[in-house]
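Below: one structure, written as structure tokens.
This is a predicted model, so every value here is computed, not measured.
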Amino acid sequence: MKTLKLIVVGIILLVTSSTQAQVSVNVQIGSPPAWGPSGYSSVDFYYLPDIQVYYDIRLAQFIYFDRGRWIRSRYLPRPYRNYDLYNGYKVVLNDYHGTRPYTYFNNHKMKYYKGYKGSPQRAIGKRQNNDNYNNRYNDNRNDDRGNDRGDNHGNGNNGKGNNGRGNGKH
């Protein structure tokens with residue numbers, strides 16, 4: 001009788017373990033943005049020299065210096081809300097894997113000055129009408145032809161964070 005109970009319990013365990021549903025969840029934490037340069041893997045940060053801003057790929061946050069401290073935000077700072085992330089140059093920081101790339105900001109600023117252009121880059125994805133990280137502050141979206149439909153009547157800063165002024169040296 002005891003062995004019969006053990007056999008029944010064994011069969012029940014075998015049946016229930018084989019009928020459990022398998023659930024697979026694919027979460028892409030840390031996937032690069034569509035405007036990021038293609039051809040890089042295992043990268044944590046970009047540095048955008050034109051606007052002196054970092055982008056944390058894992059957390060999908062911009063990191064910029066404002067009023068004496070480093071700020072993390074899902075949006076670009078106000079002065080750069082019209083910056084073209086697709087056409088602006090991105091320095092891939094593949095030699096840094098910490099959490100504070102701005103530790104080396106003075107080196108990055110000197111090596112990758114405003115206007116710096118390294119080898120040509122191609123974005124991972126194509127620009128979408130709704131693909132704008134700074135829509136929270138920006139009503140000046142582009143149409144499919146890249147024409148500005150906002151309130152600045154086409155007089156944007158053409159991807160230059162300083163509206164074309166300044167010599168890029170600080």
Side-chain angles (χ1 to χ4, degrees), residues 1-78 80-109 111-112 116 118-146:
M1 189 74 166
K2 212 176 207 181
T3 54
L4 184 60
K5 286 181 182 178
L6 287 173
I7 291 172
V8 170
V9 169
I11 291 173
I12 291 173
L13 287 174
L14 181 65
V15 169
T16 57
S17 67
S18 65
T19 59
Q20 289 181 355
Q22 293 182 0
V23 177
S24 176
V25 178
N26 185 12
V27 178
Q28 293 185 1
I29 297 174
S31 59
W35 51 263
S38 64
Y40 298 95
S41 61
S42 301
V43 174
D44 295 330
F45 295 96
Y46 301 139
Y47 175 65
L48 290 71
D50 290 339
I51 58 176
Q52 296 180 337
V53 170
Y54 293 94
Y55 182 75
D56 185 332
I57 297 167
R58 291 173 292 139
L59 299 176
Q61 293 179 338
F62 294 97
I63 307 169
Y64 56 91
F65 195 72
D66 186 35
R67 298 181 193 149
R69 63 187 182 115
W70 288 95
I71 308 292
R72 288 181 169 267
S73 173
R74 303 212 25 95
Y75 306 98
L76 283 170
R78 254 185 203 275
Y80 304 115
R81 66 179 174 220
N82 291 326
Y83 182 74
D84 186 351
L85 293 167
Y86 282 87
N87 291 323
Y89 195 80
K90 279 80 62 183
V91 175
V92 178
L93 300 178
N94 51 14
D95 58 347
Y96 182 78
H97 298 287
T99 58
R100 290 178 272 182
Y102 48 83
T103 303
Y104 302 103
F105 176 66
N106 288 333
N107 293 342
H108 294 148
K109 185 169 74 167
K111 187 174 182 181
Y112 310 114
Y116 174 84
S119 57
Q121 296 177 329
R122 207 174 60 204
I124 294 169
K126 293 184 178 182
R127 182 188 313 265
Q128 303 287 321
N129 279 343
N130 62 352
D131 189 26
N132 190 351
Y133 277 79
N134 48 358
N135 273 343
R136 179 176 172 193
Y137 302 116
N138 184 9
D139 291 326
N140 300 332
R141 297 187 192 130
N142 292 332
D143 65 15
D144 289 335
R145 296 177 307 276

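Minimum interatomic distance between Pro101 and Leu93 (heavy atoms only, all atoms of both residues): CB-CD1, 4.2 Å. Residues Asp44 and Tyr96 come closest through the heavy atom pair OD2-O, 4.1 Å. Ser42 and His97 make their closest contact through O-CE1, 3.4 Å (heavy atoms, listed as atom of the first residue, atom of the second, distance). Across every non-hydrogen atom of Tyr75 and Phe62, the tightest pair is C-CD1, 3.6 Å. Residues Asp50 and Gly88 share a closest heavy-atom pair of OD2-CA, 4.5 Å. Between Ala34 and Ala123, the closest heavy-atom pair is O-CB, 3.6 Å.
Side-chain contact between Pro37 and Val92: present, with at least one pair of heavy atoms (C-beta onward) separated by less than 4.5 Å.
Rounded to the nearest 0.5 angstrom, Asp95 CG and Tyr104 OH are separated by 9.0 Å. The line from OH of Tyr86 to CZ of Arg127 is 6.5 Å long, rounded to the nearest 0.5 Å. In this structure, OH on Tyr83 lies 5.0 Å from CG on Leu48, to the nearest 0.5 angstrom. Ile124 CD1 to Tyr40 OH: the interatomic distance, rounded to the nearest 0.5 Å, is 10.5 Å. If you take OH on Tyr89 and OH on Tyr116, they are separated by 5.0 Å, rounding to the nearest 0.5 Å.
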**Asked** Where do Lys111 and Val91 land on the side chain to side chain contact (heavy atoms under 4.5 Å, CB included) test, with the steps shown first?
**Response** CA-CA 10 Å; Lys111 187 174 182 181; Val91 175; over 6 Å; no

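Applying the side chain to side chain contact (heavy atoms under 4.5 Å, CB included) rule to Asp56 yields the partners Phe45, Arg58, Leu59, Ile63, Arg72; only residues at least two apart in sequence or on another chain are considered. By the side chain to side chain donor-acceptor pair (under 3.5 Å) test, Asn87 is found to be paired with Asp84, residues two or more places apart in sequence or in another chain being considered. For the side chain to side chain donor-acceptor pair (under 3.5 Å) test, no residue two or more places apart in sequence or in another chain qualifies with Arg100. Applying the side chain to side chain donor-acceptor pair (under 3.5 Å) rule to Tyr46 yields no partners; only residues at least two apart in sequence or on another chain are considered. In this structure Phe65 satisfies the side chain to side chain contact (heavy atoms under 4.5 Å, CB included) test together with Trp70, sequence neighbours excluded.
Looking at Lys90, its side chain does come within 3.5 Å of a backbone N or O of Leu85 through a donor-acceptor pair.
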